[in-house]
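Comments concern the structure below.
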Amino acid sequence: MAARLARAELVAGLAGIVGPEHVSTSQADLVAYSADFWPKAQIWKLAGDVQRYPPDCVVWPADEAEIAAVLGFCNEHNVPVVPYGGGSGVCGGTVPISGGVTVDVKRLNQLLEVDDASLIVRCQAGINGQRFEDKLNARGLSLGHFPSSIACSTLGGWLAARSGGQFSSKYGKIEDMVLSLRVVFPNGDIRDTGVRGPGAPDWTQLIVGSEGTLGIITEASLKVHPIPNAQRLRGYRFRNLHDGFEGMRAVMQSGLRPIVVRLYDPFDSMLALGKQRKVDRHGDEATDSGGGAVGALRRMLSERTGPSDASGDKSGGGGLLSRLSPLADSAKRRALTTALRAPNVLNRLAHSAPSPCLMIIGFDGEPDGVAADSWSAGELLAEAGGTDAGTGPGEAWLKHRYSVAFKQAKMFEMGAFVDTMEVATTWDRLESLYQAVRKAVRPHAFVMAHFSHAYREGCSIYFTFAAYHSDPLRAEQLYDTIWNAASEATLRAGATLSHHHGVGLSKRKHMVGEHGAMVHVWRALKDSVDPRGIMNPGKLFTDESFADPTHGATA
Amino acid sequence: MARAQSDAPLAAYAHELTLCAYCPSLCRDECPVAEADSRDTSTPWGLMSLADHVRRGAIELTDDVADAWARCVGCGACTAACGHDNDVTGVLLAARSVAVQRLGPPSGAAFEPPEVTERAGRWEAQPKFALVPGPEVLRNAPAAVDALFDLCDILDEPSLSLGPGVELDLGYAAWHSGDHAQFARQAARVHQHLNTASRIVVMSAEALHLLRNVYPEFGLRLDAEVMHTTEFLVPLLSGAVVQRVSGRVAYHDACHLSRHLGVYDEPRQLLERVLTGRLTELPKAGDRTRCCGGTGCAVNRQPATAATMASEVIALAVDVGAETLVSFSPECVVSLRAAAGDRIAVEHGVGLIRQAVQSTGSET
Amino acid sequence: MTPPTSSVQPIGSLHELRQIVPTEQIEPQLDGEQGAGGSWALEPATQVELVELLKWANRRHAAVFTRRPRRGDAERFGRRPRLYLRGRRMKRVLDLDIVSGTITVQSGITMAELHNTLDERTYTTGFPTRPWSQEPLGAVLAASLDAHWGPAYGKMESQVVGLGVVLPNGTAVESRVAPRKAVGPDFSRLFLGSRGRFGIVHQVTLRIYPSAGRIVSSFGAPDLTTALAAVKRGIERGLHPRAIEILSPTADRSWGRKRVGLSDALPLLVVIEPWGPLAGRPLSWIDEQFAGALTRLTPPVGWSVHDGLLPPPRAWTAPVVGMSWAELEELGISLGADVPAGLWVVRMSRQGGWLSISDDVRGEVADRVRARMQQHHVARPTPWDDVQERLERQLDPKGILNPGA
């Protein structure tokens, strides 16, 4: 690659396109755009390294034409480009590891067209997720896409990383909702994937998930739904995970279309049941047998903190302040960090507790249909050994479903780190996948899981792991060890490494294992639309992914 | 990595700063500034992270960091959305104050109050029942003052009056920017004038917040009963004969009035009293109201962002089918009116009430 | 004139091909002797054979086709050896996973064979079988023959959860089977609908569904607008059927029209095929939803609407275009009370459906329909042509696979 432009020339060139007020090299902006919510970047931050990979500059183009001009300019001068939406990714997908220009598309935030007759909307990619849903709600519509990050992510980011929402069992992931896209390629060409000639592949699905490595998505047409008139969630308890799986599978394969089915493993069930659960002997035993450490962990992770739920009701945060007194914090911190130093013991303690597995299942639609479907599902779940736990767990989950991420900050505050891994596979491999990943992570981190995003042919497993090391450098190594162990176990079990978080930097070195020779197809795609390799270099695949030396990295 | 010395004054906020810095920005959609200027730097996460980095000495406190902190309008929407009820507004105010101490006060034109002439004869040298309209009213919405005095005339409230203190700047800009030495001087002057009154009616929500919440923090508690226009009008209007106004009217809660002062009900009571139909609620109302950019010095410091913020609120009102958007905060009215164009009418609540009461007065 | 025999074919190439595929699976083509390169139809049986054939083709700069030979191929490709691949020996069922509800088959299996295999175990793929029953699955997917957009099954392409492909350079690639993924773009989509330009699909993993007995509810509608309104309301009330179709019989099917119960007052047939007892709603519920707006018909048991009212699908040569619901409604309004014969709206979802009108139908009303369909015609060159060409050059630098497609 030719020598980079001097920063002044770069900024001048970009300012000529977007206006000087929409280009920034200020320290404040470069720090903010130097990382996303990749937990590893949080570990860097814990260690005081707050801008390991700053971009050379950040631009905020106003429209598609400006994006095309920016890309054309960067392409001409071989400047790396990192497309940026909400920066809410947890895999490092928008970390500018090669510097260059971060192109924040959030000024493209208009809902362009609502076709009420066809239930199709056209919207710009930079729109904030919750704002998008709000705008649809104002028209009596809903996208049906509710990722935990809905408050801080954008439509473009969803599409770029194949986002999945909590109601994916019925409404699908974002790739199931999107009908077509507009995308700007590095040479400045603007293409619409909705124009599919005879003999053409479905370009929508070849762009969705490309994580900014092919071009910048500027707008999308999506299916929407009328806001359902009824919604009903219910909890079921299963003696063990296996019965729970069978129940889930029976429901999904019966043709019923629940919005959500979630099954928690025993420890996660304790958290999920939380206060909604009657204080039964299992719960008590769990706390007792778990001792102070497990108790602390359970209290830590189960704190119900009610964020922006639609009703605006924040009663869930009631007991919070009292718990946050500095004294309590320091005691909790000691207990937790001590426990996390011996993850094997902690895992054994936590999982030795006999606890039922909780399942939450929900339906929406017309009231009569919802009632009928709930009844049918109940029959199937009872057949699989489930016992009805009433509406409490479901409603509690619904109310607090976005709050899990609030817990993360508290873990980091204690100097520990926490990450999640969402793998997926077909039903026949699900249980062995669960065991394999747990076994691989157990020596290094505390690990728990739930099974969400169920489909007819399989399901995703959402592992949460927490670990601690007092030395930041060793913490980073520990983080890598955990991920390597978990990723290899996942691939060996025949599962896919990501259901909806994407690849970014965190999983890229396992992409050859994931895709095998299919990486050649990616290389060909990449070279066809981005021959100079300016688009989000180093993401999705590492340069070492390609044996052919002529296909070396360009950025 | 080179480390500057960590910042002692911010150390007191370590807990709050850490909660935000390691949170994946879960209040992102609620922050009206970041939504309007599209910058992640302007989000509560972005600004609090910068403060945390400064606290830990990971970055220098520079002018552009201070400029970023000044983008927060202090609306408090983030705290309302936060699972930890984290006081972002308060911490950022402290951060700005640190910046002023370190880097000097921010540039920006000092407020020059307009000349106040006597209105409707309501002027006293030392009013016992004082009206404090707030600088924005005097500058851009003096009609609201006239309307209020008209109402007083009609509803037989003779004592409310302007006085020599009213033209004074209450110090909001200095306080908000973190220049607390300047604010303290300003506030002391205002306090001296107002402390002679036994009751005070405040029109500006910003001003009311200062007088009720901030002045006492600076040791300047007023002996007088301080009330908002709406709190003043509710009992006054209770016995009035009104000719209800028709049309689909929506109410915009001012951030200071609703979130910071908890005044939700009085404005609604007043409007329900004078409207033929039900008051239309915006999807963002009460303590979830969305800031229209009228406060936080946004209009002066970041006019384009403020205009976008106002436009967003107008869009909310248009989406619910409102024909008129009403606020009882003069700052909000000015900001919303500028953005409304011909999409929707924007009224000060007092003006609307005046209409209802006036027509009654002329007929009965 | 010399009779065409294998002795005329270049011996060297044939010898090499015999190392890859058994001799009896190599059939010399009649036009092979005209050029020096040779021309053979081959029937590989495994992925390994395919890989070796493509590697051989790269070495010999041969042209490999996944279609039947065409007149003119010999002139076009001159001295290049030509291989015409057939899928007859690639029909194995590799895995029938009842637990996960997937089937993995070789791509040469015909739709009829696939469905017979599944029928025995009371499963179905959800694909419409009849029009392409004798076509191999690989061909149907490569040509994206239906661009399916139905409510219960979605697009045909989205029913593919795994694919095995051999790239033009002989690299075998296989996608990991998972219900959903977020590990980059769905690369396997490149091979669906692209007519074999980018690789040869040899193995497919599909979702399978329990096959409920086919039950069809039929209603008569006075015009398109009424029919659309009824279907829309049904979907909004929670109807999630396998298939919804709206059609009017062609003129030569007047006997069928009468048998079904259609008349001049009720020229349109609305067909609702429910999903089974649990998903969707029972028949009585469907009746209840539609009886208000439409008229219940009782066609004879076993009646095939396609054979009885329309020309058989294989004889249907008219274009079929996807239309949004709004466009269908506009069409309904523009037609008013007029309903042309041979109108066909199929695979309807709440977003829209696929519209066609029989070629035989003439007249002003039919032309109005055609004019609207014409608006959806994608003109050549399409905006993606150049990208596809670049991609083809990347994957197939020597132009081996289906050249000149």
Side-chain angles (χ1 to χ4, degrees), chain A residues 21 24 26-29 31-33 37 42 45-46 48-51 58 60 84 86-88 90 104-107 109 126 128-131 134-135 137-139 148-153 303 305-308 312 314 316-317 320-321 324 326 329 402-403 405-413, chain B residues 1 3 6 14-15 17-30 34-35 37-43 45-47 49-50 52-53 56-60 62-69 71 77 80-86 283-288 304 312 315-316 318-320:
Chain A
E21 68 278 27
S24 173
S26 86
Q27 185 197 8
D29 289 326
V31 170
Y33 285 87
F37 284 95
Q42 307 279 53
K45 207 155 71 178
L46 272 179
D49 186 359
V50 300
Q51 45 175 338
V58 187
W60 291 268
Y84 191 98
S88 66
V90 291
D104 185 335
V105 300
K106 282 198 287 289
R107 285 175 73 205
N109 62 357
N128 171 281
Q130 185 61 55
R131 296 267 179 135
D134 288 346
K135 283 185 191 211
N137 288 171
R139 290 159 179 80
S148 307
S149 64
I150 189 165
C152 52
S153 51
E303 256 163 12
T305 51
S308 50
K314 288 175 25 94
L320 184 69
L321 287 175
L324 290 186
D329 262 2
Y402 296 137
S403 67
F406 281 113
K407 295 170 191 162
Q408 285 196 12
K410 304 212 69 192
M411 293 294 281
F412 281 101
E413 192 189 12
Chain B
M1 143 165 303
R3 287 209 185 190
S6 68
H15 175 65
L17 290 173
T18 315
L19 283 184
C20 277
Y22 294 94
C23 169
S25 213
L26 296 175
C27 57
R28 179 67 174 74
D29 62 311
E30 292 288 344
E35 189 59 28
D37 79 0
S38 303
R39 297 183 178 220
D40 277 14
T41 322
S42 315
T43 59
W45 164 81
L47 301 179
S49 291
L50 288 173
D52 194 42
H53 302 337
R56 299 174 63 206
I59 60 168
E60 296 282 348
T62 55
D63 282 334
D64 69 49
V65 170
D67 280 347
W69 286 340
R71 292 181 206 160
C82 178
H84 307 295
D85 293 324
N86 210 11
K284 292 286 170 186
D287 72 347
R288 285 308 181 91
E312 286 279 329
L316 289 179
V318 170
D319 278 351
V320 295

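In what follows, every heavy atom counts, from backbone to side chain, and hydrogens, waters and symmetry copies are set aside. Just so you know, these numbers come straight off a predicted model, no measurement behind them.
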[X] and [Y]: which non-hydrogen atoms are nearest, and at how many Å?
{"X": "B:T41", "Y": "A:A28", "answer": "CG2-O, 3.5 Å"}
{"X": "A:A409", "Y": "B:C23", "answer": "CB-N, 4.0 Å"}
{"X": "A:C152", "Y": "B:P24", "answer": "SG-O, 3.0 Å"}

At a 4.5 Å cut-off on heavy atoms, which part of [X] comes close to chain B: side chain, backbone, both, or neither?
{"X": "A:D29", "answer": "both"}
{"X": "A:S88", "answer": "neither"}
{"X": "A:N109", "answer": "side chain"}

Between [atom1] on residue [X] and [atom2] on residue [Y], distance to nearest 0.5 Å:
{"X": "B:R39", "Y": "A:R107", "atom1": "CZ", "atom2": "CZ", "answer": "9.0 Å"}
{"X": "B:S38", "Y": "A:N128", "atom1": "OG", "atom2": "CG", "answer": "10.5 Å"}
{"X": "A:Q27", "Y": "B:E60", "atom1": "CD", "atom2": "CD", "answer": "7.5 Å"}

Between [X] and [Y] (side chain of the first, backbone of the second, donor and acceptor by atom type, cut-off under 3.5 Å), is there such a pair?
{"X": "A:Y402", "Y": "B:L26", "result": "no"}
{"X": "B:R56", "Y": "A:K45", "result": "yes"}
{"X": "B:R28", "Y": "A:S153", "result": "no"}

### Task
Apply the side chain to side chain contact (heavy atoms under 4.5 Å, CB included) test between A:S26 and each candidate in B:D63, B:D64, B:T62, B:V65; give the one that qualifies.
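With A:S26 as partner, B:D63, B:D64, B:T62, B:V65 yield a single side chain to side chain contact (heavy atoms under 4.5 Å, CB included), made by B:D64.
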### Query
Do A:R131 and B:E312 have side-chain heavy atoms sitting under 4.5 Å apart?
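Yes; the side chains approach each other to less than 4.5 Å.
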### Query
Are B:D40 and A:K106 within salt-bridge range, i.e. N to O under 4.0 Å?
yes
### Message
Tell me which of these, A:R139, A:E21, A:K135, A:Q408, has more heavy-atom pairs under 4.5 Å with chain B than the rest.
### Response
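Top count of heavy-atom pairs under 4.5 Å with chain B: A:R139.
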### Message
At a heavy-atom distance under 4.5 Å, which candidate from A:W60, A:Y33, A:F412 has the highest pair count against chain B?
### Response
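When all of A:W60, A:Y33, A:F412 are compared, A:W60 has the most.
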